[in-house]
2 protein chains.
Amino acid sequence: MAAPQPKYDVFQAIADPTRRQLLSLLSEQEMPVTVISDHFPMSRTAVSKHLRILAEAGLVKDRKVGRETRYRLESEPLQELKRWLSYYERFWDNKLSMLKHYVESDSTEEAERYGKLEVMKPSHHNE
Amino acid sequence: MAAPQPKYDVFQAIADPTRRQLLSLLSEQEMPVTVISDHFPMSRTAVSKHLRILAEAGLVKDRKVGRETRYRLESEPLQELKRWLSYYERFWDNKLSMLKHYVESDSTEEAERYGKLEVMKPSHHNE
DNA sequence: AAAATATGAAACCATTTGGTTTCACTTTAG
DNA sequence: CTAAAGTGAAACCAAATGGTTTCATATTTT
């Protein structure tokens, strides 16, 4: 029953430099593992494992062609990242709201300041 | 001499769910560690370590106020993430260029296909 | 059919990561 | 001055991570 929820999310998937390079490489064209691993200083198996992690995060898809398995980029999951990021953009894009934020937090009284906030409610941008 | 290059970059820093929640919380206002850790199910020390990692990535700044150290969000480093992401946006925003990409990679001959590419040149989006 | 190619799975390993508890230090409050 | 509050650093730990080597299996090639 329980959905076999993926072990790796987009954030974790792109945290590794090698995996970001893999995405970059695959964005150019579809490729089988052997060819891909020629571009990296590690074993084919290691590359294969990184690909599996990317696949779990939905960032790459594969298809069998004869005896090879070709991997290709699937950028759609990156939209989650964009969405997460959009929340923070206001802090550098909108000077006005940023200033407002700053002034407010500095003009409040010491006691009770933090307790009044409604924080950590898992909403769109928390995770 | 050698710049003590930070151990954590933005990608790694935001890979952890707890750290993303920290950014979310701090985006509301500046806070001392003790108050922050009240919002998490782990020890103050653990939160403190996450904050240090975020600080290494430049995502939070702190300032001493009496005996407390207040942390605040510093969103600027997230621009690197936005920049990285912008490269991939074309794969979902621009249906035309995506299609072009797909057609090209599928119409080429088997042999020599991969060798012709100029890949992995560490450029703006590789890492 | 036999040899070569392409790949995933498994078993191992060293290092990193995310947490904990304990201790020392500084700054405020009584 | 003494106690309490706020923190960071250190020592420890179990689990996760990123690699490796070896082995089994499926598909081509000759």
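All values below were derived from every heavy atom in this structure, side-chain atoms included, with hydrogens, water molecules and symmetry-related copies excluded.
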Can you tell me how far the [atom1] atom of [X] sits from the [atom2] atom of [Y], to the nearest 0.5 Å?
X	Y	atom1	atom2	answer
A/Leu73	A/Glu30	CG	CD	11.5 Å
A/Leu23	B/Tyr88	CG	OH	5.0 Å
B/Thr18	B/Met42	OG1	CE	3.5 Å

Output all residues satisfying side chain to side chain contact (heavy atoms under 4.5 Å, CB included) with [X], sequence neighbours left out; order by chain, then residue number.
X	value
B/Arg44	B/Val33, B/Thr34, B/Ser37
A/Ser43	A/Thr45, A/Ala46
A/Lys49	A/Arg52

Please produce a list of atom pairs where a protein N or O lies less than 3.5 Å from an N or O of nucleotides 15-19 of chain D.
{"from": "D/dT17", "atom 1": "OP1", "to": "A/Gln12", "atom 2": "NE2", "distance (Å)": "3.0"}
{"from": "D/dT17", "atom 1": "OP2", "to": "A/Tyr8", "atom 2": "OH", "distance (Å)": "3.1"}
{"from": "D/dG18", "atom 1": "OP1", "to": "A/Asp16", "atom 2": "OD2", "distance (Å)": "3.3"}
{"from": "D/dG18", "atom 1": "OP2", "to": "A/Arg19", "atom 2": "NH1", "distance (Å)": "3.2"}
{"from": "D/dG19", "atom 1": "OP2", "to": "A/His50", "atom 2": "NE2", "distance (Å)": "2.3"}
{"from": "D/dG19", "atom 1": "N7", "to": "A/Lys49", "atom 2": "NZ", "distance (Å)": "3.0"}
{"from": "D/dG19", "atom 1": "O6", "to": "A/Lys49", "atom 2": "NZ", "distance (Å)": "2.7"}

Locate the shortest heavy-atom distance separating B/Leu59 from B/Ala13; write the atom from each residue and the value.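 Reported closest heavy-atom pair: CD1-CB, 3.9 Å.
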Say whether, by atom type as modelled, one donor and one acceptor occur between the side chain of B/Arg20 and the main chain of B/Ala15 under 3.5 angstrom.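 Yes, because the side chain of B/Arg20 sits within donor-acceptor range (under 3.5 Å) of the backbone of B/Ala15.
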If you pin A/Val47 and A/Gly66 to their nearest nucleotides in DNA chain D, which one's is more 5'?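 Looking at DNA chain D, the more 5' nearest nucleotide goes with A/Val47.
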Both B/Thr45 and A/Thr45 contact DNA chain D. Which one's nearest nucleotide lies toward the 5' end? B/Thr45
Starting at atom [atom1] of [X], determine the distance to atom [atom2] of [N], rounded to an integer number of angstrom.
X	N	atom1	atom2	result
B/Arg52	D/dA9	CZ	P	7 Å
A/Arg44	D/dC23	CZ	C1'	11 Å
A/Arg67	D/dT28	CZ	P	7 Å

Does A/Leu78 reach the side chain of B/Trp92, with side-chain heavy atoms less than 4.5 Å apart? yes
For residues B/Val47 and B/Tyr71, determine if any side-chain heavy atom of one lies less than 4.5 Å from a side-chain heavy atom of the other.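 In short, these two side chains do not touch, never coming nearer than 4.5 Å.
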Mind checking which nucleotides bracket the chain A contacts on DNA chain C, 5' to 3', with an atom under 4.0 Å from a heavy atom?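 Listed 5' to 3', the contact boundaries are C/dA4 to C/dA10.
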Looking at five pairs on each end of the helix from C/dA1-D/dT30 to C/dG30-D/dC1, what is the angle between the two axes, given to 10 degrees?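 Helix axis angle between the two ends: 20°.
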What I want to find out is whether A/Glu74 reaches A/Lys61 closely enough, with some N-O distance under 4.0 Å, to be called a salt bridge. no
